[in-house]
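Reckoned from all heavy atoms, side chains included, excluding hydrogens, waters and symmetry mates. Whatever order the structure lists ligands and atoms in, that order sets their numbers, starting from 1.
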Amino acid sequence: MTMEHKNLAGLSREELVAEVVAMGEKPFRSKQLWHWIYHRGETDFDRMTTLAQPLRTALAENYVVKRPRVSNMQTSGDRTRKWLVQFGDHQEAETVFIPEDDRGAVCISSQVGCTLTCTFCRTGTQKLVRNLTAAEIVGQFMLARDSYDEWPTPTDGGRMISNIVMMGMGEPLLNYDNVAKALTIIMDNEGIALSKRRITLSTSGIVPMMQRCGEELGVNLAVSLHAVRDELRDVLVPINRKHPISELLDACRAYPGANNARRITFEYVMLKGVNDSDADAKELVRLLQGIPAKFNLIPFNAWEGAPYECSSNTRMRRFAEILNDGGFSAPIRVPRGRDILAACGQLKSASVRGQRQAGPANSER
Ligand code: SAH
Ligand code: SF4
């Protein structure tokens, strides 16, 4: 390859039409191409047998269909799998798959690092930050499917990779355009065809983008609340200084598509002696009255140098009980993949760790 070949994966439908037309082909060819790329998961133009041979050759001369490079893959004792994904500029992010019995969620990153600096989150301590492109976001999903051999898109619903959570590295609503483009590709019925009901986007509370996300994408929303008072949330989730709790909850009340059958998930990280008192739980119940809400209590996942400890099991159970009594579902999340640093909030790309630890960039074990 002398010239840089353009990657077709990650292009919107309209962009794919434009490429095909620029090659002198009829627009409908792009539909066939779309089917090969997103339904079949094919990366080799030569195997795209519904396309005429000259077109396949021309495509191969000018384009590629490729995934980001996987520089390391680890599978936890509990079967959680983590990929360290390296992009063209050598920056890295992590993708995690959390299997259940007959289904599972792939946890996708939206940025390299994160510009926000939540004090309990390891990603927030990473210096290097950039937005991921739509191709890099869709690519994470596609490489997870490669890894579980789930092409073509199973039509019987019996797929291992059944859900997406935008809960990896980064704040998805601060990279909205690329995230929206990627999710639109993923939800497209003639391709990967994952329903919006199987996609959950987690935000730290980028209030001005929430309405648009609900209207345009209609995905499930998860909100990282973590505190009931602004003074504390200002510290834990510093974006709170810009968008305080009352504004955040107003945006939740207005979130399109949220109802009792499709509740907003409020994530709440359990920090010993910080946000886990009975009074905190009671205030949560009061604050969320009238919002179609459910909780996800996340035991704090420690990382080296973290300034917090996880609440005790009895404390977490008592906290959950108060929320239950207040009428809310509040499961305590079972941490997955802790042994490979794949659990919530532990993600941080190895390239940055490596700089300090003077080891090969991808040897985490
Ligand atoms: N930036 C988005 C999505 C990524 S974080 C957000 O903040 O919502 C996904 C979830 O993991 C968030 O609820 C986040 O608060 C939580 N989290 C971050 N660090 C954690 C840690 N060390 N232990 C447990 N949960 C953590
Ligand atoms: Fe960024 Fe979310 Fe981590 Fe906060 S919790 S630093 S918003 S990734």
Side-chain angles (χ1 to χ4, degrees), residues 80 82 93-96 98 105-132 137 140 164-176 178-179 183 199-207 209-210 213 219-227 232-243 248 251-252 264-272 274-276 293-311 316 330-338 341-349 352:
T80 298
K82 182 172 86 170
E94 292 180 320
T95 308
V96 175
I98 308 127
V106 57
C107 178
I108 292 182
S109 292
S110 55
Q111 299 180 307
V112 170
C114 185
T115 51
L116 305 181
T117 50
C118 304
T119 44
F120 51 87
C121 174
R122 193 159 178 251
T123 307
T125 66
Q126 181 169 329
K127 291 274 180 308
L128 281 174
V129 180
R130 77 160 168 85
N131 283 336
L132 295 183
I137 296 168
Q140 293 174 64
I164 289 181
V165 290
M166 294 300 302
M167 293 186 186
M169 299 166 69
E171 169 48 57
L173 294 189
L174 288 181
N175 183 19
Y176 181 77
N178 290 321
V179 167
L183 292 180
I199 301 175
T200 301
L201 182 146
S202 174
T203 181
S204 57
I206 310 301
V207 170
M209 296 308 296
M210 287 167 59
C213 171
V219 296
N220 302 316
L221 186 69
V223 171
S224 298
L225 191 57
H226 307 320
L232 178 60
R233 197 165 188 271
D234 282 349
V235 175
L236 298 179
V237 186
I239 194 70
N240 192 68
R241 289 178 218 151
K242 214 163 165 186
H243 309 298
L248 175 57
C252 290
I264 297 174
T265 303
F266 286 86
E267 296 161 285
Y268 198 94
V269 63
M270 301 300 300
L271 305 171
K272 184 184 241 161
V274 175
N275 65 354
D276 63 352
K294 60 183 177 188
F295 287 96
N296 201 336
L297 303 181
I298 316 176
F300 172 62
N301 285 307
W303 35 275
E304 208 184 288
Y308 302 102
E309 279 176 75
C310 183
S311 311
M316 291 195 281
I332 301 168
R333 190 187 286 177
V334 180
R336 300 285 302 268
R338 267 187 176 163
L341 283 181
C344 236
Q346 292 185 317
L347 304 184
K348 177 170 176 173
S349 77
V352 178

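- In this comparison of Glu267, His226, Met270, the heavy atom closest to atom 15 (O) of ligand 1 sits on His226.
- No side-chain donor-acceptor contact under 3.5 Å links Arg130 to the backbone of Val112.
- Checked by atom type, the side-chain pair Glu171/Ser110 shows no donor-acceptor distance below 3.5 Å.
- The only member of Leu116, Leu174, Thr123 that meets side-chain contact (heavy atoms from CB on, under 4.5 Å) when paired with Gln111 is Leu174.
- For atom 2 (Fe) of ligand 2, the closest non-hydrogen atom of the protein is Gly170 O, 4.5 Å.
- Using a 4.5 Å cut-off on side-chain heavy atoms (C-beta onward), Cys310 and Met316 make contact.
- Each of the following atoms of ligand 1 lies closer than 4.0 Å to a heavy atom of Cys121: 18 (C), 19 (N).
- With a 4.0 Å heavy-atom cut-off, ligand 1 is reached by the side chain of Val269 but not by its N, CA, C or O.
- Contact atoms of ligand 1 toward Met167: 4 (C), 5 (S), 9 (C) (distance under 4.0 Å to a heavy atom of the residue).
- Protein heavy atom nearest atom 3 (Fe) of ligand 2, with residue, atom name and distance: Cys121 SG, 2.4 Å.
- Using a 4.0 Å cut-off to heavy atoms of Thr203, the atoms of ligand 1 that qualify are 6 (C), 8 (O).
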Margin query: Evaluate Leu236 against Val269 for side chain to side chain contact (heavy atoms under 4.5 Å, CB included), listing each step before the verdict.
Written below: CA-CA 10 Å; Leu236 298 179; Val269 63; 5.7 Å; no
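- Rounding to the nearest 0.5 Å places CG of Asn296 at 4.0 Å from CZ of Arg333.
- Residues Thr200 and Met167 form a side-chain contact, since some pair of their non-hydrogen atoms from C-beta on lies under 4.5 Å apart.
- Residue contact check for ligand 1: Trp303 places a non-hydrogen atom closer than 4.0 Å to it.
- Here is the list of ligand 1 atoms found below 4.0 Å of a heavy atom in Asn301: 21 (C), 22 (N), 23 (N), 24 (C).
- One N or O on the side chain of Tyr268 and one on the backbone of Asn275 form a donor-acceptor pair closer than 3.5 Å.
- Using 4.0 Å as the threshold, Gly168 has a heavy atom nearer than that to some atom of ligand 1.
- At the top of the distance list for atom 1 (Fe) of ligand 2, counting protein heavy atoms only, stands Cys114 SG, 2.3 Å.
- Residue contact annotation: Gly170 has a non-hydrogen atom under 4.0 Å from ligand 1.
- Aromatic ring orientation, Tyr308 versus Phe300: perpendicular (interplanar angle above 60°, classes split at 30° and 60°).
- Contacts between Val223 and ligand 1, counted as non-hydrogen atom pairs separated by less than 4.0 Å, are absent for every part of the residue.
- For atom 6 (S) of ligand 2, the closest heavy atom belonging to the protein is Leu116 O, 3.4 Å.
- In Ser204, the part holding a heavy atom less than 4.0 Å from any atom of ligand 2 is the side chain.
- A heavy-atom distance below 4.5 Å is found between the side chains of Ile137 and Val179.
- Here is the list of ligand 2 atoms found below 4.0 Å of a heavy atom in Gly124: 6 (S).
- From the protein, the heavy atom lying nearest to atom 4 (Fe) of ligand 2 is Cys118 SG, 2.3 Å.
- Side-chain contact between Ile98 and Cys107: present, with at least one pair of heavy atoms (C-beta onward) separated by less than 4.5 Å.
- Note: an N/O pair closer than 3.5 Å links Phe120 and ligand 1 by distance alone.
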